Amino acid sequence: MSKVRVRFAPSPTGPLHIGGVRTALFNYLFAKQQGGDMILRVEDTDQGRFVPGAEQYIIDSLSWVGITFDEGTHVGGPYAPYRQSDRKDMYRQYADKLLDAGHAYYAFDTTEDLDVMREKLKAGGMPPQYDAASRMSMKNSLTLSEDDVKARLEAGENYVIRIKLPRKEEVRFHDLIRGWVVVQTAAMDDKVLFKSDGMPTYHLANVVDDYTMKITHVIRGEEWLPSAPLHVMLYKFFGWEDVMPKFAHLPLILKPDGNGKLSKRDGDRLGFPVFPLEWTDPATGDISSGYREKGYEPEGVVNMLALLGWHTSDNREIFNINELIELFSIEKISKNGAKFDPEKAKWFNHQHLMLKDNHEIAEDIMPGILAKGIDTNMEYLVKVVALIKEKVTFKSEIADKCLYFFNAPTKYDEQVITKKWNAQVAGLLGRFADALPGMEALSAGEIEQKLKSMAEEMGVNPGSLMQPLRVVLSGEAGGPPLFDMLKLLGVTESAGRIKTAVKTISITA
């Protein structure tokens, strides 16, 4: 069996949608699981839609989520060049092969000719397409004399080359996700394969490149499924059926309500990114947000995308990239669209933040801590991160949520003070503060037990002290495990904060 070779083949017409990242990811997982190669091919045959910077944006985006390539525009390889505009001279010979074999023809129709044809067909209740029936009333090499065609070509008249589909034939191919797909050529149109500007269309270039680059599997979005029968016919016409790649058309990523394909407008409307990295439109200057700049961990984004349309046999949800490679299979990809859930995306981010090394997180956030005028060291910050990260969704939130680990609070949660602060609580916490310096050698659990015993001796429910104690230490009603926080602050610092709070709250009360 030949080595598995897959390609991700984006067009540089703008930023890479998160759905495109998922397509690249599924190709990557399959290739690596099969010990195969992953190729990046840039399909820029539509020069009118080319956007400067888009190709590098695509490369940077995929690099950020950890997708690497064995061959491509930026790494080279044995089948270079990998940018279609750099390969344009080779496509004409393949178009000529189809012309010579009678599987394609020249068409000289103007835009006006095509508009008139479509309007007539619509008026007659027929599909407005250039096909086996309508082509015989148009200006092409099937209806014009050989001399007329030659004269038009020599005169430099604009033309396109169209595929000549049989009038009535069944096209069958097996999709690895959807099973057998059957289409009648009567329902297809004679697509343009080659344009007068010397560039091939997507259809011709795609098939020729997949053949010449020895691609074994084409894993792409569902939106390309209608093009697949045409591509199958091209493989047949070229005589390449024996080496035609296997197809797998991925389900759509749907809007959060499940009604239609996820778009940039959905992200703008609901406040979440649909692009991996921030993108600035070179034409308008408009900025679209990205997952990276919003603070998402790339591992969390990969995990989230992998489960949009793919699943394992159990209910497990958290995977790293190596686990995904090991478990991935096309057979477990769903035919149905997958609803995008922005809250679930945040959940995945939190899960991967929890798995991330505390020292690595501390290094990332240290500049933000120092920028707030806080003088600390890496050893202490790592311990702070270990306690606080379970309470945040993004690591960028840590710097703002951990300030009380460095500076004593000057304000206290008013709701807690109003509901739970009284003279008895103040007296008990004051007594606890006096005893704290002698507990330096105790663990967090042992210090907690000391406070509970002290409360029970005075006939007080220990639970009534916990939130007031948290508030006097941090100023906040919630946070990491209370006595772990106290232990990290240190018994001396904690005792001082309790005593200050008892005095301050008593005065304000």
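Computed from a prediction, not measured in an experiment: that's the story for all the values here. Throughout, residue positions are numbered sequentially from 1 according to the sequence presented.
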**Message:** Between Tyr211 and Phe238, is the ring pair (Phe, Tyr, Trp, His ring centres under 6.0 Å) condition met? List the steps.
**Reply:** CA-CA 10 Å; Tyr211 171 75; Phe238 281 124; 7.9 Å; no

Looking only at atom types and distance, does a side-chain atom of [X] sit under 3.5 Å from a main-chain N or O of [Y], one as donor and one as acceptor?
{"X": "Asp115", "Y": "Glu112", "value": "no"}
{"X": "Asp86", "Y": "Pro81", "value": "no"}
{"X": "Asp109", "Y": "Lys139", "value": "yes"}
{"X": "Ser141", "Y": "Tyr106", "value": "yes"}
{"X": "Gln93", "Y": "Met90", "value": "yes"}
{"X": "Asp266", "Y": "Ser263", "value": "yes"}
{"X": "Glu297", "Y": "Leu353", "value": "no"}
{"X": "Asn303", "Y": "Phe319", "value": "yes"}
{"X": "Thr13", "Y": "Arg49", "value": "no"}
{"X": "Ser63", "Y": "Ile59", "value": "no"}

**Item:** Spatial distance of atom CZ (Arg220) from atom NE2 (His249) [nearest 0.5 Å]
**Value:** 3.5 Å

**Message:** Nearest 0.5 Å, please: how far is CG in Asn27 from NZ in Lys32?
**Reply:**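 Between atom NZ of Lys32 and atom CG of Asn27 there are 11.0 Å.
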
Run through [options] and flag the one making a side-chain contact (heavy atoms from CB on, under 4.5 Å) with [X].
{"X": "Leu262", "options": "Ile253, Leu252, Leu254, Leu308", "value": "Ile253"}
{"X": "Leu62", "options": "Phe69, Tyr57, Tyr28", "value": "Phe69"}
{"X": "Asp37", "options": "Val6, Asp70, Ile215", "value": "Asp70"}

**Message:** So that I can tick it off, tell me whether Glu397 and Lys391 are bridged by a salt bridge, with the cut-off set at under 4.0 angstrom between side-chain N and carboxylate O.
**Reply:** no

**Item:** Sidechain N-carboxylate O distance under 4.0 Å for Asp257, Lys339
**Value:** no

**Request:** In sequence, state the C-alpha distance, the side-chain angles, and the governing distance for Asp60 and Gln56, and then conclude on side chain to side chain donor-acceptor pair (under 3.5 Å).
**Result:** CA-CA 6 Å; Asp60 293 343; Gln56 189 59 49; 2.9 Å; yes

**Request:** Kindly confirm or rule out a cation-pi arrangement of Arg92 over Phe194, judged by NZ or CZ under 6.0 Å from the six-membered ring centre and within 45° of its axis?
**Result:** yes

**Item:** Steps toward side chain to side chain donor-acceptor pair (under 3.5 Å) verdict (Tyr91, Asp96)
**Value:** CA-CA 9 Å; Tyr91 298 115; Asp96 287 341; over 6 Å; no

**Worked verdict on Asn320 versus Glu299 for side chain to side chain donor-acceptor pair (under 3.5 Å)** = CA-CA 7 Å; Asn320 62 39; Glu299 300 87 351; over 6 Å; no

For [X], enumerate each residue passing the side-chain hydrogen bond (donor to acceptor under 3.5 Å, both in side chains) test, keeping only those at least two apart in sequence or located in another chain.
{"X": "Arg316", "result": "Glu323"}
{"X": "Asp286", "result": "Thr284"}
{"X": "Glu317", "result": "Lys344"}
{"X": "Lys395", "result": "Asp364"}

**Message:** Can you confirm whether or not the ring centre of Trp310 sits under 6.0 Å from the ring centre of Phe328?
**Reply:** yes

**Message:** Before we go on, tell me: are the rings of Phe348 and Tyr296 under 6.0 Å apart, centre to centre?
**Reply:** no

**Request:** Under the side-chain contact (heavy atoms from CB on, under 4.5 Å) rule, collect the residues that match up with Ala362, sequence neighbours excluded.
**Result:** Met378, Leu381, Val382, Val385

**Prompt:** What pairs with Thr185 under side-chain contact (heavy atoms from CB on, under 4.5 Å), at least two apart in sequence or on another chain?
**Reply:**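 Once residues adjacent in sequence are excluded, the partners of Thr185 under the side-chain contact (heavy atoms from CB on, under 4.5 Å) criterion are Pro166, Glu169, Val171, Met188.
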
**Message:** Please determine whether the number of non-hydrogen atoms from other residues, nucleotides or ligands lying under 6.0 Å from atom NZ of Lys246 exceeds 12.
**Reply:**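 Incorrect, the count does not exceed 12.
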
**Prompt:** Are Glu55 and Thr73 close enough, and set up right, to give a side chain to side chain donor-acceptor pair (under 3.5 Å), and what steps lead you there?
**Reply:** CA-CA 9 Å; Glu55 180 180 330; Thr73 55; 3.2 Å; yes

**Item:** Heavy-atom side-chain contact between Pro245 and Thr216 under 4.5 Å
**Value:** no

**Request:** For the pair Tyr202 and His231, name the ring-plane relationship: parallel under 30°, tilted 30 to 60°, perpendicular over 60°.
**Result:** tilted

